[in-house]
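Here is the structure we will look at.
Letters go in sequence order (proteins before strands), and every chain restarts at 1. Computed over heavy atoms, backbone and side chain alike; hydrogens, waters and symmetry mates excluded.
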Amino acid sequence: MTEDTKTRKIAAIKGTKDILPQEARKWQKVETVAREIFERYGYREIRSPIFEATELFKKGTGETSDIVIKEMYSFKDKAGRSLTLRPEYTPSVVRAIIEHRLYLQPQPLRFYFIGPMFRYDKPQKGRYRQFHQIDIEVFDEKDPAIDAEIVEMADHLLKTLKVTGTETFVNSVGCRKCRPAYHKELRNHADKARKLLCVECQRKIDTNPLRIFDCKISGCQEVSQRFPKITDFICHECEEHFRKFCAYLDLFNIKYRLEPRLVRGIDYYTKTTFEVITPALGAQDAILGGGRYDDMMKVFGGPDMCGIGFAVGMERLVSLVPFENEETQSIYIAYLGDLAKELAMDVAKELRHEGIECLVEYRKRTLRNLMSRANKLGAKWVLIIGEDEVKTGRYQLKDMMTGEQKTVKRELILKTLKESS
RNA sequence: GUGAGCGUAGCUCAACUGGUUAGAGCAUCGGACUGUGGAUCCGAAGGUUGGGGGUUCGAGACCCCUCGCUCACCCCA
């Protein structure tokens with residue numbers, strides 16, 4: 001080993017980060033709550049590989065999406081196959097459903113998933129190259145009631161996690177039949193107003209005219225307000241779908257805002273799209289977003305089956321969940337001497353097997369030090385086993401909150417703990 | 001990918017217009033206190049000032065490169 005390799009620090013690579021124990025607690029909580037809620041709505045977990053054939057995302061996510069054009073972690077394996085670390089989850093589920101003929105099963109096609117995604121973006125707050133999503137997908141439900149149901153479920157998840165101050169935006173982006181006409185119409189309008197738009201927006205006329213709606217320059221906003229709205233332009237079927245979707249949201253008493261400017265940067269969406277945002281996150285303000293994709297299954301050679309789903313950004317969500325310091329119910333065993341050590345190990349084993357968190361540290365310390373350690377670690381109780389205790393078989397059990405201490409026989413430790421907790 | 005700002009101990013920050021051996025608080029570990037925690041006092045450990053190069057008698061500070069973070073654009077979760 002050269003001196004160079006010995007001393008150079010290896011750090012987590014750009015756009016990735018470690019989730020340290022305190023933070024991980026919060027993640028666990030969020031994951032647990034999400035699982036419980038989703039299961040209650042009839043969803044089941046599905047897990048797919050972290051990498052797939054590059055082709056899957058080109059076809060699924062879309063050749064013209066930013067994700068595919070510039071954000072994929074693609075590489076060749078030793079056999080020369082082009083593989084990609086998944087940038088999103090939906091194409092993988094669709095692939096799995098077709099591959100395993102899941103649509104032939106009697107179970108409802110409702111899936112959820114929690115795991116890492118990879119996008120070669122420029123990292124910022126709330127945006128990482130390896131990030132995590134909670135994802136849900138429903139297949140074979142055409143009724144707009146399901147669109148409203150998943151928005152309600154998302155809302156329920158956020159409320160359960162005490163995330164407040166969010167706003168829900170909804171829109172319809174039309175379907176294959178009506179969207180091209182709208183794009184054309186919008187482009188025409190924008191082109192006529194070209195001179196009134198900023199340089200950026202002039203560029204958007206050709207690339208993505210929908211994005212002109214996003215411009216923050218007041219001149220552009222004034223102009224774009226007179227552009228046709230997609231909701232006035234969509235076909236009868238899409239319009240009906242959207243109207244019912246909104247009516248069902250009202251039924252669920254979900255507050256939302258129509259946002260004709262809401263365009264999601266993924267090619268496959270049809271009809272319903274929605275997003276939940278919060279001002280608390282800054283520029284990366286979307287906690288959760290999703291929509292309907294009626295054509296993807298067919299594109300992959302599966303049955304003509306519609307899909308709808310949403311993805312929650314874990315990093316963003318976790319950062320909004322209020323911190324709760326959960327009380328640990330742990331016991332710290334402070335022993336003095338070799339005989340006591342063996343007793344401590346034995347008691348610890350028993351308590352752990354009975355479901356009690358128990359810590360023994362194998363380092364010579366004074367009792368004062370042991371108590372101090374127990375205090376710092378936040379132990380609820382300390383069990384003291386010293387020479388006297390070894391002789392009498394009666395141990396000292398101290399409640400660290402009240403400072404009360406009692407003498408307890410070995411056989412009664414467990415009972416005493418359970419009674420006082 | 002474009003533009004701007006910032007990188008000093010685990011954390012929060014000092015160090016004058018470039019000038020001795022880069023300091024403090026908090027946290028950590030130990031001692032005062034030999035079988036009883038939280039308080040106080042004392043002490044220790046902790047840094048190639050993100051990394052590399054340059055200017056200079058002399059660089060934490062100035063210049064260039066690079067890496068990383070932050071903000072905005074873009075995009076999205």
Rounded to the nearest Å, what distance is computed from the [atom1] atom of residue [X] to the [atom2] atom of nucleotide [N]?
| X | N | atom1 | atom2 | answer |
| --- | --- | --- | --- | --- |
| Gln124(A) | A77(B) | CD | C1' | 13 Å |
| Glu23(A) | G10(B) | CD | P | 20 Å |
| Ile384(A) | G37(B) | CD1 | P | 10 Å |
| Ile136(A) | A77(B) | CD1 | P | 14 Å |
| Asp388(A) | U36(B) | CG | C1' | 13 Å |
| Gln22(A) | A27(B) | CD | P | 15 Å |
| Asp121(A) | U2(B) | CG | P | 14 Å |
| Asp135(A) | A77(B) | CG | P | 9 Å |

Would you state whether a donor and an acceptor, one from the side chain of [X] and one from the base of [N], lie under 3.5 Å apart?
| X | N | value |
| --- | --- | --- |
| Arg373(A) | C29(B) | no |
| Arg127(A) | A77(B) | no |
| Glu389(A) | G35(B) | yes |

Residue [X], side-chain heavy atoms: nucleotide from [options] that is nearest:
| X | options | value |
| --- | --- | --- |
| Asn375(A) | C75(B), G38(B), A77(B) | G38(B) |
| Lys376(A) | C75(B), U28(B), G37(B) | U28(B) |
| Gln396(A) | A77(B), U36(B), G38(B) | U36(B) |
| Met371(A) | G35(B), G37(B), A77(B) | G37(B) |
| Ala283(A) | C73(B), U36(B), A77(B) | C73(B) |
| Arg365(A) | G35(B), A77(B), G30(B) | G30(B) |
| Leu367(A) | C71(B), G35(B), C29(B) | G35(B) |
| Lys70(A) | G35(B), C74(B), U36(B) | C74(B) |

Is there a donor-acceptor contact under 3.5 Å linking the side chains of [X] and [Y]?
| X | Y | value |
| --- | --- | --- |
| Glu52(A) | Ser92(A) | yes |
| His241(A) | Asp143(A) | no |
| Tyr256(A) | Asp250(A) | yes |
| Thr278(A) | Thr166(A) | no |
| Thr90(A) | Glu137(A) | yes |
| Glu88(A) | Thr61(A) | yes |

When we call it a touch if two heavy atoms are under 4.0 Å apart, what does [X] touch: a base, just sugar-phosphate, or nothing?
| X | answer |
| --- | --- |
| Phe310(A) | nothing |
| Gly15(A) | sugar-phosphate |
| Ile287(A) | sugar-phosphate |
| Glu88(A) | nothing |
| Ala374(A) | nothing |

Contact under 4.0 Å: [X] side-chain N or O vs [N] OP1/OP2:
| X | N | answer |
| --- | --- | --- |
| Asn369(A) | G31(B) | yes |
| Lys122(A) | C73(B) | no |
| Lys14(A) | G68(B) | yes |
| Arg368(A) | C33(B) | no |

[atom1] gap between [N] and [M], integer Å:
| N | M | atom1 | value |
| --- | --- | --- | --- |
| C75(B) | C16(B) | P | 45 Å |
| G23(B) | G46(B) | P | 14 Å |
| U40(B) | G25(B) | P | 13 Å |
| G47(B) | A15(B) | C1' | 14 Å |
| G54(B) | G18(B) | C1' | 15 Å |
| U21(B) | U34(B) | C1' | 40 Å |
| G43(B) | A24(B) | P | 11 Å |
| C13(B) | A22(B) | P | 23 Å |

Short side-chain to backbone donor-acceptor contact, Thr392(A) and Asp388(A), under 3.5 Å: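 Confirmed, Thr392(A) side chain pairs with Asp388(A) backbone.
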Consecutive-pair stems (3 or more, Watson-Crick or G-U, under 3.5 Å) for RNA chain B: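 Runs of three or more consecutive pairs: B:1-7 with B:67-73, B:10-13 with B:23-26, B:28-32 with B:40-44, B:50-54 with B:62-66.
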Carboxylate-amine/guanidinium proximity below 4.0 Å for Arg129(A) and Asp121(A):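 No, no charged N to carboxylate O under 4.0 Å.
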Residue met sooner reading RNA chain B from 5', once Leu370(A) and His132(A) are mapped to nucleotides: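 Upstream on the strand: Leu370(A).
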Residue mapping more 5' on RNA chain B - nearest nucleotide basis, Ala12(A) or Phe131(A):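 Final value for this comparison: Ala12(A).
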Heavy atoms from other residues, nucleotides or ligands near CG of Asp77(A) exceed 12 (cutoff 6.0 Å):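 More than 12 within 6.0 Å, yes.
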NZ or CZ of Arg110(A) within 45° of Tyr43(A) ring axis and under 6.0 Å: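 Relative to the ring axis of Tyr43(A), which defines the angle, Arg110(A) lies inside both limits.
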Passing option when Tyr332(A) is tested against Glu361(A), Arg373(A), Lys376(A) for side-chain hydrogen bond (donor to acceptor under 3.5 Å, both in side chains):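 Going through the options one by one, the only one that passes is Glu361(A).
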